[in-house]
Amino acid sequence: MMHIGVDPAQRGKVSEVFRDAAAAGLSVCRTWAFSDGGYQALQVSPGVYDERVFQALDFVVSEAKRYGIRLILTLANNFQDFGGKAQYVQWAKDAGQWVSGEDDFYTNSVVKNYYKNHIKKVLTRYNAITNVVYKDDPTIMAWELINEPRCQVDYSGKTVHAWVEEMAAYTKSIDNKHLLDIGMEGFYGDSMPEKKQYNPGYQVGTDFITSNLLNSIDFATIHAYPDVWLSGQSEADQTAWTQRWMWSHWDDASKILKKPIVFAEFGKSDKDPGFSVTERDNYMSTIYRNVYNFAKSSDGTFGGGLVWQLMAEGMENYYDGYEIILSQNPSTAGLITRQSNVMASLSQLLN
């Protein structure tokens, strides 16, 4: 959203996404508040920001407000898209730090200070359009520390957990009004070995339970990509696994974490073998039905689901196979609208 908004001539696409989403009853959008190094970077180098790009983020926030949509703003990326933790570590290396790999992002003090600076810069940003500082803006529902944290040098989850604990406390020291989540996919770590049976056969260096138990973390998230994680398995097996994944984490949120949980990324790629819109709609229907049933049976512990990812016409440069253009996909748009309506009704009922 921010990248598209850098060019004023392209900003209509940002408005189109919000307009179509609002028309479908969607109420929350998760999008990036980072772009580190490289093309159209927000953070050009440590502590150095491109004002044009920041103004594009201002526009994203102002348009969300205009269409009545709340934002989850993610502050960094595990992966190299838009820079990611690898860019932070490279900056430290360029500054003379000895680094052994990109997982030094979680432990190197120089890198951690770079990241803290970014947190502070974004949270204290004065929006030139709305005239509201981000940390005071109710349009922003939550901050998210990092998209899909992973750590190959420590699969136990302890390294990522220590980082989360430090960065969550730092974030809350600047802004204790907004909700905060980590950005995890939901992989279980070493603290509860009996939970590992729900992982898709491996760990990624996070401990879903331990880190989400932190008082500074307000809600938990899961993502699911069975087409990637369980590649080669049947459609039925992948869907069944996703339902177990949802049940297990909902159960954790209800009984252990005692916090809300959000299914923050799921989708179906048109690059998958045998893809069809009907197949995607069937998969999304199953996910939505589960989200609704879990939310209904737990007084709202399951907060909702965010499909990955809505786009506007003319955003082909950002397509990754999972994109949904509501105006071009009436069946999927109808499905999303129906889910929005039943979740909104349930929310009123539970309140």
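Quick note: residue numbers are just sequence positions, from 1.
- Remark: aromatic rings of Tyr322 and Tyr225 are close, center separation under 6.0 Å.
- The backbone N or O of Tyr188 sits nowhere less than 3.5 Å from a side-chain atom of Asp207 that would complete a donor-acceptor pair.
- For His161, there are no ring-ring contact (aromatic ring centres under 6.0 Å, His included) partners, not counting sequence neighbours.
- Partners of Ile4 by side-chain contact (heavy atoms from CB on, under 4.5 Å), not counting sequence neighbours, listed by chain and number: Gln10, Lys13, Val14, Met315, Tyr318.
- Hydrophobic clustering, with ILVMFWY side chains joined whenever heavy atoms are under 4.5 angstrom apart, groups Ile325 together with Val307.
- Using a distance-only test at 3.5 Å, with no hydrogens or angles considered, no donor-acceptor pair links the side chain of Gln203 to the main chain of Gly189.
- The hydrophobic cluster containing Met284 also contains Phe302, counting ILVMFWY residues as joined when their side-chain heavy atoms lie under 4.5 angstrom apart, directly or transitively.
- Residue pairs meeting the salt bridge (charged side-chain N to carboxylate O under 4.0 Å, His left out) criterion with at least one partner in residues 270-296, sequence neighbours excluded, do not occur; the list is empty.
- Checked against salt bridge (charged side-chain N to carboxylate O under 4.0 Å, His left out), Asp136 has the following partners two or more places apart in sequence or in another chain: Lys177.
- Checked against a 6.0 Å centroid threshold, the rings of Phe187 and Trp245 count as neighbours.
- Both Met2 and Trp308 are part of a single hydrophobic cluster, where members link through side-chain heavy atoms under 4.5 Å apart.
- Counting heavy-atom neighbours within 6.0 Å of Asn215 CG, excluding the residue itself, gives a total of 12 or less.
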Please determine whether side-chain contact (heavy atoms from CB on, under 4.5 Å) holds for the pair Lys135 and Ile174, giving the CA-CA distance in whole Å, both sets of side-chain angles, and the decisive distance to 0.1 Å. CA-CA 8 Å; Lys135 70 184 181 71; Ile174 299 172; 4.1 Å; yes
As a quick check of understanding, evaluate side-chain contact (heavy atoms from CB on, under 4.5 Å) for Ile256 and Lys195, giving each step before the final call. CA-CA 12 Å; Ile256 302 172; Lys195 295 283 184 181; 4.3 Å; yes
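- Under the side-chain contact (heavy atoms from CB on, under 4.5 Å) criterion, Asp20 pairs with Glu16, Leu326, Ser327, sequence neighbours left out.
- Sorted by first and then second residue, the ring-ring contact (aromatic ring centres under 6.0 Å, His included) pairs involving residues 251-274 (not counting sequence neighbours) are Phe263-Phe266, Phe266-Tyr288.
- Hydrophobic clustering (ILVMFWY, side-chain heavy atoms < 4.5 Å, transitive): Leu26 and Val291 are in one cluster.
- Side-chain atoms of Ser62 do not come within 3.5 Å of backbone N or O of Ile129 as any donor-acceptor pair.
- The hydrophobic clustering, which links ILVMFWY residues whose side-chain heavy atoms are closer than 4.5 Å, places Val17 and Val6 together.
- Using a 4.5 Å heavy-atom threshold, the side chains of Pro226 and Thr239 count as separate.
- In the model, Ser156 has no side-chain atom that pairs as donor or acceptor with a side-chain atom of Asp190 under 3.5 Å.
- Using a 4.5 Å heavy-atom cutoff, the side chains of Tyr106 and Val160 are in contact.
- Between the side chains of Asp50 and Gln43, no donor-acceptor pair is found at a separation under 3.5 Å.
- No side-chain donor from either of Asp227 and Gln238 sits under 3.5 Å from a side-chain acceptor of the other.
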Which donor-acceptor pairs under 3.5 Å do side chains of residues 139-148 form with protein atoms, sequence neighbours excluded?
| residue | atom | partner | partner atom | Å |
| --- | --- | --- | --- | --- |
| Thr139 | OG1 | Asp137 | OD1 | 3.1 |
| Trp143 | NE1 | Asp175 | OD2 | 2.8 |
| Glu144 | OE1 | Arg30 | NE | 3.3 |
| Glu144 | OE2 | Arg30 | NE | 2.9 |
| Glu144 | OE2 | Arg30 | NH2 | 2.8 |
| Glu144 | OE2 | Thr74 | OG1 | 3.0 |
| Asn147 | OD1 | Arg30 | NH2 | 2.7 |
| Asn147 | ND2 | Asn77 | OD1 | 2.9 |
| Glu148 | OE2 | His223 | ND1 | 2.6 |

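- Aromatic pair His249/Phe208: centroids less than 6.0 angstrom apart.
- No donor-acceptor pair closer than 3.5 Å links the side chain of Asn108 to the backbone N or O of Asp104.
- No more than 12 heavy-atom neighbours from other residues, nucleotides or ligands sit within 6.0 angstrom of NZ on Lys65.
- For the residue pair Asn131 / Tyr126, a side-chain donor-acceptor distance below 3.5 Å is found, with atom types taken as modelled.
- Shown here are the side-chain contact (heavy atoms from CB on, under 4.5 Å) partners of Asn290, two or more places apart in sequence or in another chain: Gln243, Met246, Thr286, Phe294.
- Counted within 6.0 Å of NZ on Lys120, heavy atoms from surrounding residues, nucleotides or ligands total 12 or fewer; the atom is thus considered open.
- Between the side chain of Asn78 and the backbone N or O of Arg150 there is at least one donor-acceptor pair closer than 3.5 Å.
- Ring-centre distance between Tyr198 and Trp241: not below the 6.0 Å cut-off.
- Not counting sequence neighbours, the partners of Arg11 by the side-chain contact (heavy atoms from CB on, under 4.5 Å) test are Gln55, Ala56, Phe59.
- Taking the centre and axis of the six-membered ring of Phe18, the NZ or CZ atom of Arg66 falls outside the cone set by 45° and 6.0 Å.
- Enclosure of atom CD in Gln152 is not indicated, since only 12 or fewer non-hydrogen atoms of other residues, nucleotides or ligands lie within 6.0 angstrom.
- The number of heavy-atom neighbours closer than 6.0 Å to NZ of Lys121, taken from other residues, nucleotides and ligands shown, is 12 or below.
- The stretch residues 326-351 participates, sequence neighbours left out, in no salt bridge (charged side-chain N to carboxylate O under 4.0 Å, His left out) pair at all.
- Between the side chain of Asn329 and the main chain of Ile324, no donor-acceptor pair closer than 3.5 Å is present.
- Although no hydrogens or angles enter the test, the distance criterion places no donor-acceptor pair under 3.5 Å between the side chain of Thr301 and the main chain of Ala253.
- Listed by chain and number, the residues in a salt bridge (charged side-chain N to carboxylate O under 4.0 Å, His left out) with Asp103 are Lys85 (sequence neighbours excluded).
- Of the possible donor and acceptor atoms, none in the side chain of Gln97 sits under 3.5 Å from a partner among the backbone N and O of Asp94.
- Checked against the 6.0 Å centroid threshold, His3 and Phe82 count as a close aromatic pair.
- A cation-pi arrangement is found for Lys116 relative to Tyr170, the charged atom lying closer than 6.0 Å to the ring centre and inside a 45° cone about the ring normal.
- Residue pairs meeting the salt bridge (charged side-chain N to carboxylate O under 4.0 Å, His left out) criterion with at least one partner in residues 229-238, sequence neighbours excluded, are Glu235-Lys268.
- Residue Tyr202 places its OH atom among more than 12 non-hydrogen atoms of other residues, nucleotides or ligands, all under 6.0 Å distant.
- The environment of Gln328 atom CD is dense: over 12 non-hydrogen atoms of other residues, nucleotides or ligands sit within 6.0 angstrom.
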